[in-house]
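Before any comments, here is the structure.
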Amino acid sequence: MPMEKTFDAASAEPRIYAEWEQAGAFTAGANAKPGASPFSIMLPPPNVTGFLHAGHAFNHTLMDILVRWHRMRGRDVLWQPGLDHAGIATQLVVERELARTNQPSRRELGREKFLEKVMEWKARSGGTIIEQDKRLGASMDWSREAFTMDPAFHEAVIRVFVDMYEKGLIYRGKRLVNWDPHFETAISDLEVENKEVDGHMWHFKYRLADGETYEYVETDEDGTEIMRETRDYISIATTRPETMLGDGAVAVHPSDSRYAPIVGKMVHLPLCDRVIPIVTDQYPDPDFGSGAVKITGAHDFNDYQVAARNKLPMYRLMDMSATMRDDGAPYAEAVERAREIAAGAEADAAEIDSLNLVPEKYRGLDRFEARKLVVEDITNAGLAVEVPSSDPRLGQPAQRKVEPEEGADVAPDDRLVPLVEPKKIMQPFGDRSKVVIEPMLTDQWFVDAEKVVGPALDAVRSGETKIIPESGEKVYFHWLENIEPWCISRQLWWGHRIPVWYGFDLGTPMSGGTGDLDEVDLLKLLLDGGMVHSGDVQKVGAELPEVTGGFQDEIADLPSPLSHARIVEVEDRNAALHALAESLAHYATDQDPSKLVYPVWRDPDVLDTWFSSGLWPIGTLGWPGPEWEEMRRYHPTSVLVTGQDILFFWVARMMMMQYAVVGEKPFDTVYLHGLVRDEKGVKMSKVLGNVIDPLELIDEYGADSLRFANAAMAALGGTLKLSRDTIKGYRNFGTKLWNAFRFAEMNGTFEGRSPQAAPPAATATVNRWIIGETAKVREEVDAALDGYRFNEAASALYGFVWGRVCDWYLELSKPLFGADDAAVIEETRATLAWVLDQCLILLHPIMPFVTEELWGTTAKRAKMLIHADWPTYTAADLVDPQADSEMGWVIELIESVRSVRGETNVPAGADVPLLLVELDAPGRAALGQNDALIRRLARIDTITEVAEAPKGSATIPVRGGSFALPLADLIDVGAERTRLQKSVQKLEKELGGLRGRLSNPNFAQSAPEEVVAETRANLERREADAAKLRAALARLDEIG
RNA sequence: GGGUGAUUAGCUCAGUGGUAGAGCGCUUCGUUCACAUCGAAGAUGUCAGAGGUUCAAAUCCUCUAUCACCCA
């Protein structure tokens, strides 16, 4: 049955993919040669709830190309697939789903029920991306599919946490973190997007305490006094007025002479019954605003540093949803205590955190509502800095324009108004929630990144791990050299729960260590708030039994029998309070020590998703189980292919963690690529509606086309612009390949042939030539893929298949098939069959479907194409220089004739005579050998030798001689003259350059010999061409 | 403000010191003989600008301009 005219991708692709899967073609080690070295790639795990987008399609295509290539070369290949649980993203999706379907919210459900819902969701949508990857043709080892919440992976994550904690690489602390008020969790600084928004800068007066005043003097650059006044206040500027309620001080730069007289004095905090000091610090910029900065340690990262350096108290003003606090004692009480602390009373961090210094009026307000009210109240109190309404800092309010006749006697521009500057400010937003991030002082877990960064840096510095393109290394160094502690706790429910338990530090309220539990002790614990205000102790271990020993040691010193209390796990700290109180109360009445319990509770938080995915390389390979020994042949992995946007999120962290945990690099090479954009280079986004769905493209053009387009745009460091036109172009390329096979089939190429890996021993020049061309392209493709230059591999193959095989070899083979020499026909069939097989093999990594289909339909094969042997022949083996040169000459002649015909308007269908004017021996040989095909392809009827080109003929210079087309009747003389003049002009320009270089003595002296020789030869050839063309022009003039 | 990169044909982009390229688009011509998802031919360039290094610069260096991304 003859072949269809085109490849039906839609029906063939699923069938072929199923065949590969059934054959186990993707399994780790499939098609490996004995003793083969491993080649392994970890799939960057997509979100479990995710869908395949254009970026995945690109990223996965590149990996699949590498994997298929190495598999065909006989390496021991593993492509490890899997999914990431993606804590915050998945929780977001499920919460939205609950809201959309009017189900109870997360908090209403409770942790356990909510997690069931997440698992339901995962079961429903978790497989989507896998099915989509199959459409793309990804040859991952699905039998090894992993998930970051698998029990084995979970065990690895927990074990690493415990291990790193014990090594002192992980600690807990109350720190200022980026707090997402929507999700009510900490997020890392990488999950924050800073955006410039329109904001305002307010200026307030903080009055000096006790009615003090000072001389405020401003000078210009030369030190000349430009302003002097007596002030009873210091002027501060802020973009976040609501945080002033928590100010701990006003800071000025130590060199700022304006404020030198009042450093150390106290100021009244507006709207509050507190005074705060004026301190000095390096942070305030004397040239910015008034040079004085309010310091709110608990709500600003810079202020936090200042507060820490100056030991200022940091009062938290907001609750976890970023509304003004409404908890704790009344304001009057809280402020009383704050004054005591300011006066030197001792207070620990927990107590300071419990103090709510928000005045009743603002309690419970949204932070932005509170801002409005604070500004209003301060202004009403006369504490806003005022300026004339003409002040340029106010921007351009519309009301400034005053009609002259009305405003003549008033001076409206001198009216004083509060100074509120419109100002662009950088505001942090959560990258998932899109709400304004609030710096928040909370207890969190951190990786002491500074301690683990060393080996990760060294590996890249020494070249142990290579990052390409190289620019990625610079970025990597820059970030790692300035690394900050990594906050790894998240206040989420979906994720790996932190393996830490807490209990009360009863040693603090209880004095004795040896006595029995008496009533005094009991009362202290129960009545005095002893438990409530006691600190906590923490124990770290994978499971509760691993930490009970630690807690037992902890209470061993307590009065008996509390020292032997049973350790029980409860839900949280509150539950623990109740449990302990109840147990003590019982003991007080019945004195039964067996009912005494020491309650402990587990940390409710989960680990940052990137902490777990940071273990992806070893966690998926069986670490820390017994299979690790077996699977570690794939570790370190060969290459990581990923987007440069997660260089910090993931790549750097994998480097750090693999070294910290197993002391090995996770990969030899990191290949970074950019974001896939639309055809205009714009980021794809749902909002813009420019998202290109790869599955739609596959439906329309076939997976191979999309894959080829992906490979073609993968220039190192290049921008990735995906357009339908490009994909369409590669679909056409597939059709071209398909039709080359149709041509071969029609010429009996595949009939009864058994495929050969080795090229046939050809005698015909055309056949020898194309065999050599094939060897050249094989080398090009390997070199390109070896250097991760996917675009070069793609373009080499495109050029070879279309430009060499289809445009020339197939055309040149037609006269051979038409000859009546059976041996020539058979040889040409064998050559064509071999060349087309090579096309399939070399194209397979990029376009696996159409190539596998053609492979299967054109011959009985020992193996599927996916496992065919990748060739190793070289140009040195197969290029026949004589054939190469001869075919070069023939092609050049045909192109010249066609060009002349085209430009002188010779009718396309007309066969014309060709005159040989002069020709050297190799040229004559080439002409003799290829007479038939030259005549056919250039549409020549006869070739005859003449002594001299006749008048009015077009000249065709070739290597070693020249031809003429005697076209007196057919030729458009004017067109031919124009053509010749243009050619001469172009040649002259080139000649000028060449002569200039050669006449420069320094060139001959300094340039390499071969360059000089080449230039000289080039000049000679061009000069000969120019002479021929001039002669032709002269002849034309004779008739013209 | 700091960092990284980009600027080459109408468009999208390759091109790491030695004769400026590809695809798409455009113009003209062409359907028996694999393919109109095709073929033949053609036009199109201040390689962002200025300086420097070099026998030789799109390519290396410096500055400028514009744009993009990352980080503050």
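In what follows, chains are A, B, ... by sequence order, proteins preceding strands, each numbered from 1. Side-chain atoms are counted along with the backbone in the values below, which use heavy atoms only and exclude waters and symmetry mates.
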| message | We want to know whether A:T726 and A:S723 form a side-chain donor-acceptor pair, criterion being a heavy-atom distance below 3.5 angstrom. | response |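 Yes.
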| field | A:T642-A:N59 side chain donor-acceptor pair, cut-off 3.5 Å | value |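 Judged by distance alone, the side chains do not pair up.
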| request: For A:L994 and for A:F743, find the nucleotide of RNA chain B with the closest heavy atom, then tell me which residue's nucleotide is more 5'. | output: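 Looking at the nearest nucleotide for each, A:L994 comes out on the 5' side.
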| Relative to the 5' end of RNA chain B, which residue comes earlier, A:H478 or A:A712, by the nucleotide with the nearest heavy atom? |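 Residue closer to the 5' terminus by nearest nucleotide: A:H478.
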Nearest whole Å is fine: how far is [N] [atom2] from [X] [atom1]?
X       : N      : atom1 : atom2 : result
A:D300  : B:rA72 : CG    : C1'   : 13 Å
A:L854  : B:rA34 : CG    : C1'   : 13 Å
A:Y730  : B:rC38 : OH    : P     : 13 Å
A:Q644  : B:rG3  : CD    : P     : 19 Å
A:F1003 : B:rA56 : CZ    : C1'   : 7 Å
A:I467  : B:rG5  : CD1   : P     : 13 Å
A:E1014 : B:rG17 : CD    : C1'   : 14 Å
A:R939  : B:rG39 : CZ    : C1'   : 12 Å

| A:R1016 CZ: over 12 foreign heavy atoms closer than 6.0 Å |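 No, the 6.0 Å shell around CZ holds no more than 12 heavy atoms from other groups.
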Same-atom distance ([atom1]) from [N] to [M], integer angstrom:
N      : M      : atom1 : value
B:rU7  : B:rG15 : C1'   : 15 Å
B:rU8  : B:rG23 : C1'   : 15 Å
B:rG49 : B:rA22 : C1'   : 27 Å
B:rG21 : B:rA14 : C1'   : 7 Å
B:rU53 : B:rC24 : P     : 43 Å
B:rU37 : B:rA48 : P     : 38 Å
B:rU62 : B:rA6  : P     : 14 Å
B:rC55 : B:rA43 : C1'   : 35 Å

Contact class for [X] vs. all strands (heavy atom < 4.0 Å): base, sugar-phosphate, or nothing?
X       : result
A:E811  : base
A:N1018 : base
A:R901  : nothing
A:K736  : base
A:P1008 : base

Verify the contact: side-chain N or O of [X] to OP1 or OP2 of [N], cut-off strictly under 4.0 Å; return yes or no.
X      : N      : result
A:W802 : B:rG39 : yes
A:N732 : B:rC38 : yes
A:K474 : B:rC70 : no

Nucleotide nearest [X] when distance is taken to its side chain, options [options]:
X      : options                : value
A:N739 : B:rC35, B:rG18, B:rC70 : B:rC35
A:R742 : B:rC35, B:rC55, B:rU37 : B:rC35
A:M746 : B:rA34, B:rG18, B:rU37 : B:rA34

| field | Close aromatic pair by centroid cut-off 6.0 Å: A:Y730 and A:Y798 | value |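 Under 6.0 Å, so yes.
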| message | Please report whether the ring centroid of A:Y671 lies less than 6.0 Å from that of A:F790. | response |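 Yes, they do, as the ring centres are separated by less than 6.0 Å.
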| request: Kindly determine whether A:T1015 and A:N1018 satisfy side chain to side chain donor-acceptor pair (under 3.5 Å), including the steps that lead there. | output: CA-CA 5 Å; A:T1015 309; A:N1018 210 349; over 6 Å; no
Scan nucleotides 40-46 of chain B against the protein and return all N/O pairs shorter than 3.5 Å with their distances rounded to 0.1 Å.
| residue | atom | partner | partner atom | Å |
| --- | --- | --- | --- | --- |
| B:rG42 | OP1 | A:S899 | OG | 3.1 |

May I ask which nucleotide in the shown strands pairs with [N], Watson-Crick or G-U wobble, both distances under 3.5 Å?
N      : value
B:rA36 : none
B:rG18 : B:rC55
B:rA65 : B:rU7
B:rG1  : B:rC71
B:rU31 : none

| said: I'd like to know if A:R724 pairs up with A:E700 as an ion pair, taking the criterion as any Lys NZ or Arg NE/NH1/NH2 lying under 4.0 Å from an Asp or Glu carboxylate oxygen. | reply: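 The answer is yes: the pair qualifies as a salt bridge.
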| When you measure from the centre of the six-membered ring of A:Y809, is the NZ or CZ of A:R804 under 6.0 Å away and within 45° of the axis? |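 Judged by the rule (NZ or CZ under 6.0 Å from the ring centre, within 45° of its axis), A:R804 is not positioned above A:Y809.
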| said: Would A:Q644 and A:H673 count as a side chain to side chain donor-acceptor pair (under 3.5 Å) here? Give the steps. | reply: CA-CA 6 Å; A:Q644 61 204 181; A:H673 58 75; over 6 Å; no
| Side-chain donor or acceptor of A:K5 under 3.5 Å from a matching atom on the base of B:rC35? |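 Not at all, since no donor on one side and acceptor on the other fall under 3.5 Å apart.
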| request: Apply salt bridge (charged side-chain N to carboxylate O under 4.0 Å, His left out) to the pair A:E780 and A:R789, showing each step before the final yes or no. | output: CA-CA 10 Å; A:E780 275 181 70; A:R789 298 187 303 269; over 6 Å; no
